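Numbers for residues simply follow the sequence, beginning at 1. Heavy atoms only: backbone and side chains are in, while hydrogens, waters and symmetry mates are out. Every value quoted in this text rests on a predicted model; they were computed, and no experiment measured them.
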Amino acid sequence: LMVIIVLGESVAGAIRGIAGEGQVSLPGALLGVLGLMLGFMAWCLYFDFIGRRRPPRGKVFSSWLWSYLHLPLVIVTAVMGAMLAPIVTRDADTASQILSVAVGSFLIILAALELTLKYTDDEPTHRILSPLLKVLTGCAALLMAPAHESLAIPVFMMLLVAVMWV
């Protein structure tokens, strides 16, 4: 339930950014739409890869790890949502760097969560390739932290789209 609430906050953050801009400009509207898409893609990534499967039963360490990995996941998801409004309104210089770290961390934590889950024969994702791609994409997002703010959200969108299809 907490993941659903926090993912909804990322959508609210993008909408707050659009509303807080005052007079809507084309760059602001584009950043707002991309911010909304970032929130929706985070939602899809979580529920397509993690939320639709049950945590492992009978394996104490895997169940424990699955439970406790959700705390940093919720934290970085909340940070992603909080950083969307300043990026859309272009108020904060450091918002894109913080968003970059949050997106990278989100993807790496998703990969760790995915590794704790039991794979079945009818699983549509690859057991190794899917988490590996998330880790590589997360590292790329972390390396983009110094990038200019106007490039942050479009590049994150491309990274998340690439990860969603594996």
Side-chain angles (χ1 to χ4, degrees), residues 1-11 13-14 31 33-84 87 94-166:
L1 179 62
M2 189 66 166
V3 174
I4 293 172
I5 293 168
V6 174
L7 283 169
E9 275 299 314
S10 66
V11 173
L31 285 172
V33 168
L34 289 173
L36 281 171
M37 291 175 68
L38 181 70
F40 287 131
M41 286 199 184
W43 179 283
C44 289
L45 282 171
Y46 179 81
F47 286 103
D48 283 350
F49 292 99
I50 309 300
R52 67 180 174 80
R53 293 192 252 168
R54 296 195 182 273
R57 301 215 185 262
K59 295 182 179 179
V60 175
F61 182 73
S62 292
S63 296
W64 177 85
L65 191 60
W66 183 89
S67 297
Y68 280 99
L69 279 172
H70 276 80
L71 177 63
L73 181 78
V74 168
I75 291 170
V76 298
T77 306
V79 170
M80 279 175 26
M83 290 301 107
L84 288 177
I87 285 179
T94 60
S96 64
Q97 288 86 7
I98 296 170
L99 180 65
S100 179
V101 171
V103 169
S105 301
F106 177 82
L107 291 170
I108 292 169
I109 294 166
L110 273 184
L113 275 166
E114 194 172 352
L115 289 172
T116 65
L117 299 172
K118 181 180 178 188
Y119 277 81
T120 59
D121 292 336
D122 62 341
E123 187 63 41
T125 61
H126 193 273
R127 181 177 184 90
I128 303 299
L129 187 59
S130 179
L132 178 65
L133 185 59
K134 287 177 186 63
V135 168
L136 292 175
T137 308
C139 290
L142 290 172
L143 291 173
M144 286 189 51
H148 188 267
E149 160 181 355
S150 63
L151 297 175
I153 292 181
V155 172
F156 292 143
M157 290 297 301
M158 290 183 279
L159 291 173
L160 286 176
V161 167
V163 169
M164 275 186 65
W165 299 110
V166 174

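Here CG of L142 is found 11.0 Å from OG1 of T137. Values are rounded to the nearest 0.5 Å. Between H70 atom NE2 and T77 atom OG1 the span is 9.5 Å, to the nearest 0.5 Å. To the nearest 0.5 Å, atom NE2 of residue H126 and atom CD of residue E114 are 11.5 Å apart. Distance OG/S105 to CE/M80: 10.5 Å, rounded to 0.5 Å.
Smallest separation of non-hydrogen atoms from F106 and A42: CZ-O, 3.6 Å. P131 approaches A111 most closely through the heavy-atom pair O-CB, 3.4 Å. Across every non-hydrogen atom of L115 and R127, the tightest pair is CD2-O, 4.3 Å.
No side-chain heavy atom of I108 sits less than 4.5 Å from a side-chain heavy atom of K134. Two residues are said to be in side-chain contact when any heavy atoms from C-beta on lie closer than 4.5 Å; L38 and L99 meet this criterion. Residues I109 and V76 meet the side-chain proximity criterion, which asks for heavy atoms closer than 4.5 Å.
For L117, the side-chain contact (heavy atoms from CB on, under 4.5 Å) criterion is met by I50, R53, P56, W66, not counting sequence neighbours.
Side-chain N or O atoms of T116 include one that pairs as donor or acceptor with a backbone N or O of L113 at under 3.5 Å.
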Please assess L107 against V135 for the test side chain to side chain contact (heavy atoms under 4.5 Å, CB included), listing each intermediate value before the final yes or no.
CA-CA 6 Å; L107 291 170; V135 168; over 6 Å; no

